[in-house]
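To keep things clear, I will list the structure first and then write my remarks on it.
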Amino acid sequence: MGALPARALLFDMDGTMVDSMPAHARSWEAFTRRHGIAMPVAEVLRRTTGRTGVECIRELFGPEVGEPRALALIAEKETIYREVFAREFREVAGFRAFAQQALQRGLKIAVATAGDRTNIAFALERLELAQPPHAIVGGDEGLAGKPAPDLFLEAARRVHTPAAECIVFEDAPFGIEAARRAGMRAVAVCTTHSPEELAGPHVIAQARNYQELMNNDFLESLHA
């Protein structure tokens, strides 16, 4: 692959840092059943993964839903999610070790997720990273969700790094597309989608988890 200039690694959270998508699927199933939404969970996930909470609710209930009601509904759904995932919490294999090695190499680490601050705190508390991320951008900060590039661009701004020197780690098609729109390279973390679904000219690596990336000396291919 050759040496790739990179100064910052920007991580999506759900399905990328933490193996949470099965729990999200179960919580969406319970939520949609409770509200009489007759939509298969796979379709719900296709429409919502990477979008902010308010965007998710409007995708399911219609664009006319006001923000206060949308916030109340997504809070209800995410409460179900945290109850489910708390019982089975797990990282994407190797994430903590990979992040620590990246930090030791002088790379900046940022989180750019459509998840809200409660879900971010929930995940980071359980991950118990040796060092907190240099920046965190969440989906409740008023930015557009993926596939818009806003979350990644704001993360890059907060770590004072040009887009061309950032590498995005993503598990979902909307996130991979958001990285492209941001002018950033991407690594596809294939926990929830196939490599074919996460392909693109800006995708420089694909792996099932971070253990694979470490085994393939991915970090060694980077230089600041």
| said: For the residue pair R69 and F61, would you count it as a cation-pi contact if the rule is NZ or CZ under 6.0 angstrom from the ring centre and within 45 degrees of the ring axis? | reply: yes
| query | Rounded to the nearest 0.5 Å, how far apart are CD of Q131 and CG of L103? | reply | 4.5 Å
| request: Might you work through the side-chain contact (heavy atoms from CB on, under 4.5 Å) test for I120 and T113, ending with a clear yes or no? | output: CA-CA 8 Å; I120 294 168; T113 174; 3.6 Å; yes
| Nearest heavy-atom neighbours spanning A186 and A179 | CB-CB, 4.1 Å
| When you measure from the side chain of E197 to the backbone N and O of H193, does any donor-acceptor pair fall under 3.5 Å? | no
| request: First locate atom CD of E67, then atom CD1 of I74, and finally report the distance between them rounded to the nearest 0.5 Å. | output: 12.5 Å
| field | Donor-acceptor contact below 3.5 Å, side chain R180 vs main chain I176 | value | no
| field | Shared hydrophobic cluster, L9 / V111 (ILVMFWY, side-chain heavy atoms < 4.5 Å) | value | yes
| said: Grouping I, L, V, M, F, W and Y whenever their side-chain heavy atoms are under 4.5 Å apart, do I136 and L10 come out in a common cluster? | reply: no
| Centroid-to-centroid, F218 to Y210, below 6.0 Å? | no
| request: Find out if a path of hydrophobic residues (ILVMFWY) with successive side-chain heavy-atom gaps under 4.5 Å connects L71 to F122. | output: no
| Within 6.0 Å of CZ in R117, more than 12 heavy atoms from elsewhere | no
| In Å, rounded to the nearest 0.5 Å, how long is the span from CG of L124 to CE of M17? | 5.0 Å
| Non-hydrogen atoms of L198 and C190 that approach each other most closely | CD1-SG, 4.1 Å
| CG of D12 to CZ of F174: how many Å apart, nearest 0.5 Å? | 13.0 Å
| field | Any V203 side-chain heavy atom under 4.5 Å of V187 side chain | value | no
| query | Can L45 be reached from V18 by stepping across I, L, V, M, F, W or Y side chains whose heavy atoms are under 4.5 Å apart? | reply | no
| said: One pair to check against side-chain contact (heavy atoms from CB on, under 4.5 Å): W28 and L60. What are the steps and the verdict? | reply: CA-CA 11 Å; W28 275 122; L60 297 180; 3.4 Å; yes
| field | SB check R82 E78 (cutoff 4.0 Å) | value | no
| task | Search all heavy atoms of A25 against all heavy atoms of V41 and return the closest pair with its distance. | result | O-CG1, 3.6 Å
| Once the angle between the rings of F11 and F95 is folded into 0 to 90°, is it parallel (under 30°), tilted (30 to 60°) or perpendicular (over 60°)? | perpendicular
| Do E29 and R26 sit within salt-bridge range, that is, some charged N less than 4.0 Å from a carboxylate O? | no
| query | Which pair of non-hydrogen atoms, one from S20 and one from D14, has the smallest distance, and what is that distance? | reply | OG-OD1, 2.6 Å
| When you look at L127 and E91, which way does the side-chain contact (heavy atoms from CB on, under 4.5 Å) test go after all the steps? | CA-CA 7 Å; L127 278 172; E91 68 172 354; 3.8 Å; yes
Could you go through residues 150-157 and list every donor-acceptor pair under 3.5 Å that involves a side-chain atom there, pairing it with any protein atom two or more places apart or in another chain?
from, atom 1, to, atom 2, distance (Å)
E154, OE1, R157, NE, 3.0
E154, OE2, R157, NE, 3.3
E154, OE2, R157, NH2, 2.7
E154, OE2, R158, NE, 2.7
E154, OE2, R158, NH2, 3.3

| said: Between E76 and R34, does any NZ, NE, NH1 or NH2 come within less than 4.0 Å of an OD or OE carboxylate oxygen? | reply: yes
Would you list the atom pairs, donor with acceptor, under 3.5 Å between side chains in residues 161-173 and any protein atom, with sequence neighbours excluded?
from, atom 1, to, atom 2, distance (Å)
T161, OG1, V159, O, 2.9
E165, OE1, R7, NH1, 3.2
E170, OE1, A172, N, 3.3
E170, OE2, K146, NZ, 2.7
D171, OD1, T16, OG1, 3.1
D171, OD2, T192, OG1, 2.9

| request: Please say whether more than 12 non-hydrogen atoms of neighbouring residues, nucleotides or ligands are located less than 6.0 Å from CZ in R181. | output: yes
| said: Could you walk me through whether H24 and K77 satisfy the side-chain hydrogen bond (donor to acceptor under 3.5 Å, both in side chains) test, starting with their C-alpha distance in whole Å, then the side-chain angles of each, then the deciding distance to 0.1 Å, before giving a yes or no? | reply: CA-CA 9 Å; H24 275 295; K77 182 268 171 191; 2.6 Å; yes
| If you round to the nearest 0.5 Å, how far is NZ of K108 from NE2 of H134? | 7.0 Å
| What are the two closest heavy atoms between P147 and E177, and how far apart are they? | CB-CG, 3.7 Å
| query | F31 vs H35 aromatic rings, parallel, tilted or perpendicular, using cut-offs 30° and 60°? | reply | tilted
| Point-to-point distance, once rounded to the nearest 0.5 Å, from OG1 of T48 to CD of E59 | 8.0 Å
| note | Correct closest heavy-atom pair for I80 and A30 would be CG2-CB, 4.3 Å
| Under-4.0 Å salt bridge between R105 and E220 | yes
| message | I'd like to know if the side chain of E55 and the backbone of G145 have a donor-acceptor N/O pair within less than 3.5 Å. | response | yes
| said: Is there a continuous path of hydrophobic side-chain contacts, each under 4.5 Å between heavy atoms, that joins M13 to L107? | reply: yes
| said: Quick one: does any side-chain atom of N209 pair with a main-chain N or O of E212 as donor and acceptor, under 3.5 Å? | reply: yes
| message | Quick check against the 3.5 Å criterion: does R58 have a side-chain atom that pairs as donor or acceptor with the backbone of E64? | response | no
| field | Side chain to side chain, R96 and L129, heavy atoms closer than 4.5 Å | value | yes
| field | Check: N119 side chain, G115 main-chain N or O, donor-acceptor pair, under 3.5 Å | value | no
